Amino acid sequence: MSHAVQRRLVVTPTYAGWRKQALIALAAQWPPETLAWEDAPHQPQAAQIALDYAAPGDEPHAEAPCPGLPPAPPQVRVSREFAQLLREAAQYRSPRPWALLYRVLWRYTHGDRAGVSAADEDGARLHAMAKAVRRDHHDMIAYVRFRRSDRPGMPQYVAWYEPRHDVLADAADHFARRMGHATWCIGTPHGLAHWDGSALRITDAPADAQALRADAAADPAEALWRLYYQSTFNPARLNEAALHQRMPVRFWKGLPEAALIPSMIAQARHGARRHAQAQGVGDMPGKPVAVDAQRAQPQRPVPAALDACRRCELWRHATQAVPGQGRDAARVMLVGEQPGDHEDLAGQVFIGPAGQVLDEALKCAGVPRDALYLTNAVKHFKWVARGKRRIHKTPAQREIDACSLWLQEELERVRPEVIVALGATALRAIAGPGARLQECMGRPMRLGRAWLLATWHPSYALRAGGDDARGRVVAGIADAVAQGYQLAGSASENAGT
Ligand code: URA
């Protein structure tokens, strides 16, 4: 059934402007398909909003409806999440979402709440818009750069930024909370945020945008900032795809440090990556990232396809994919969980603290490292930041599944007689998601032509309280490796090799 548009609603293009009109339309019971929404023509004065700083987050109240129209309902009750979703999506710039917002609100107030869900067609669009706005808000906070201004009559700091959506007010609110009494302004093509030390005003776009942009581009203190930025750059952690994703080129023009990026990338591509830290930082006293060349096995070149693997999202935050290491002719394959912090930087398996425990266990078992093939169920480091540290995070089953292709490739290439699964993740990667470490430990199992043995992950020894517990874990791993080595020997004898 097609409905002729019966009314045009003109909206001051803000959430408050839409909300005012939407409440009027709801009170009048105007169905969404009978309405056409459009932005109010530009009115400089109407665009001025003074944010009440004492109560941030309050919305301007809906104004009294036009004379002759039914009164707005005293309250339209929606859940907090829904209100938040509407507010975020309302900041989407192109196309303006007014009709969509009203349709979802209409459905909600008529008992159909599916529109709030991302599984619904309208809901999916709403969520996608809200997500784009959140991203833009986040980017604005991350990429606005204030410069000191010496021009008379200007605030102390000025910045120029070009957001995609109407996130200026929210982002300015963020800066107002963090920059104390220093005065500043942020110019954008669509509005100006001005903080005078105690109140925030969002007004029309700056009349003299060019002058503001020029002010925002000159600051002697920037040389210092660039020096600092350069010194924090770590070529070993450079992930160009992630860099471009996190700091898209479109932001570079506003970032003083961006001019340095191309040369730093070139530097990393031409070998600096292996230093693990920028040369300047590496030369400073402090804790270096230790890569024990004795223990580390000769590095197999990273297969281009593995390092380029995008089958899950872990590559985004990892330095590089870490392939397995060892002889293709090895009879025993040890499978760990995933590279840790050290492994991620060096591109080699088991060279960090868990690797030291493993070495201890191998020594107890009397099995040299180079007799084995060592690899992981997941090839990229999954971590969360805690302060300045990157803390290991257990990979999810979907990440294990996504990476199983690489483990399969290693199993087919090496064709080990015995596989030792170090820990629950490795066991699940090899024997399936239902396999339980406690049930499998100490019981060699047949896996096609190979034996599968399960034991602790070496990092469990690092977490185990006390020397006794640690010793038991090391001994457990040593037993499994020794048993595996024996089984491999007897399997070869039986096969006449
Ligand atoms: N833990 C693992 O499972 N593998 C490594 O390579 C390092 C730590």
Side-chain angles (χ1 to χ4, degrees), residues 236-237 276 289-300 302-303 306-307 309 312 314-315 317-326 330 332-362 367 369-370 372-384 389-397 399-404 406-407 410-411 414 416 419-431 435 437 441 452-464 470 473-474 476-478 480-481 484:
R237 292 193 183 194
V289 176
V291 177
D292 183 340
Q294 288 289 306
R295 272 191 300 122
Q297 296 179 6
Q299 199 180 2
R300 176 187 299 281
V302 177
L306 172 60
D307 205 29
C309 182
C312 75
L314 294 188
W315 65 274
H317 305 294
T319 305
Q320 56 194 312
V322 181
Q325 284 174 305
V332 180
M333 179 186 280
L334 264 52
V335 183
E337 182 186 82
Q338 61 165 350
D341 185 60
H342 290 68
E343 289 80 7
D344 170 76
L345 289 174
Q348 303 194 36
V349 289
F350 282 110
I351 57 158
Q356 282 168 19
V357 173
L358 181 62
D359 281 344
E360 219 180 295
L362 294 183
V367 175
R369 208 185 230 243
D370 59 14
L372 305 167
Y373 186 94
L374 295 181
T375 191
N376 285 301
V378 170
K379 307 292 195 258
H380 279 116
F381 179 32
K382 181 175 182 181
W383 56 276
V384 284
R389 296 177 61 212
R390 301 191 300 167
I391 305 295
H392 155 277
K393 188 155 190 251
T394 305
Q397 186 62 44
E399 288 146 357
I400 300 174
D401 292 343
C403 221
S404 66
W406 301 110
L407 184 57
E410 290 173 300
L411 287 169
V414 180
I419 306 161
V420 180
L422 301 170
T425 301
L427 180 65
R428 289 211 310 273
I430 298 161
L437 187 61
M441 274 204 303
L452 172 62
L453 287 166
T455 184
W456 309 110
H457 188 279
S459 66
Y460 188 52
L462 302 170
R463 297 194 303 272
R470 185 183 193 282
V473 176
V474 173
I477 299 172
V481 175

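For clarity, every value in this text was computed on a predicted model and none was experimentally measured. No hydrogens, no waters, no symmetry mates; every other heavy atom, side chains included, goes into these values. Both ligands and their constituent atoms are indexed starting at 1 by order of listing. Throughout, residue positions are numbered sequentially from 1 according to the sequence presented.
Shortest contact from atom 5 (C) of ligand 1 to any protein heavy atom: Gln338 O, 3.4 Å. Scanning the protein heavy atoms around atom 4 (N) of ligand 1, the nearest turns out to be Asn376 OD1, 2.7 Å. Considering only non-hydrogen protein atoms, atom 6 (O) of ligand 1 sits nearest to Phe350 N, 2.9 Å.
Among the atoms of Gly336, none of the N or O lies under 3.5 angstrom from an N or O of ligand 1.
Side chains of Leu362 and Leu372 form a contact here, defined as non-hydrogen atoms less than 4.5 Å apart. You'll find the side chain of Leu422 reaches within 4.5 Å of the side chain of Leu358, heavy atoms only. Side-chain contact between Glu343 and Phe381 is absent, with no heavy atoms from C-beta onward closer than 4.5 Å. Side-chain atoms of Phe350 and Asp359, non-hydrogen and from C-beta on, never get closer than 4.5 Å to each other.
Every atom of ligand 1 with a heavy atom of Glu337 under 4.0 Å away is listed here by number and element: 2 (C), 3 (O). Each of the following atoms of ligand 1 lies closer than 4.0 Å to a heavy atom of Val349: 6 (O).
Ligand 1 has His457 within reach: a non-hydrogen atom of the residue lies less than 4.0 Å from it.
Here the options are Glu410, Glu399, Gln338, the test is side chain to side chain donor-acceptor pair (under 3.5 Å), and the partner is Lys379; only Glu410 passes.
In plain terms, the two heavy atoms of Val378 and Pro339 that are nearest each other are O-CD, 3.1 Å.
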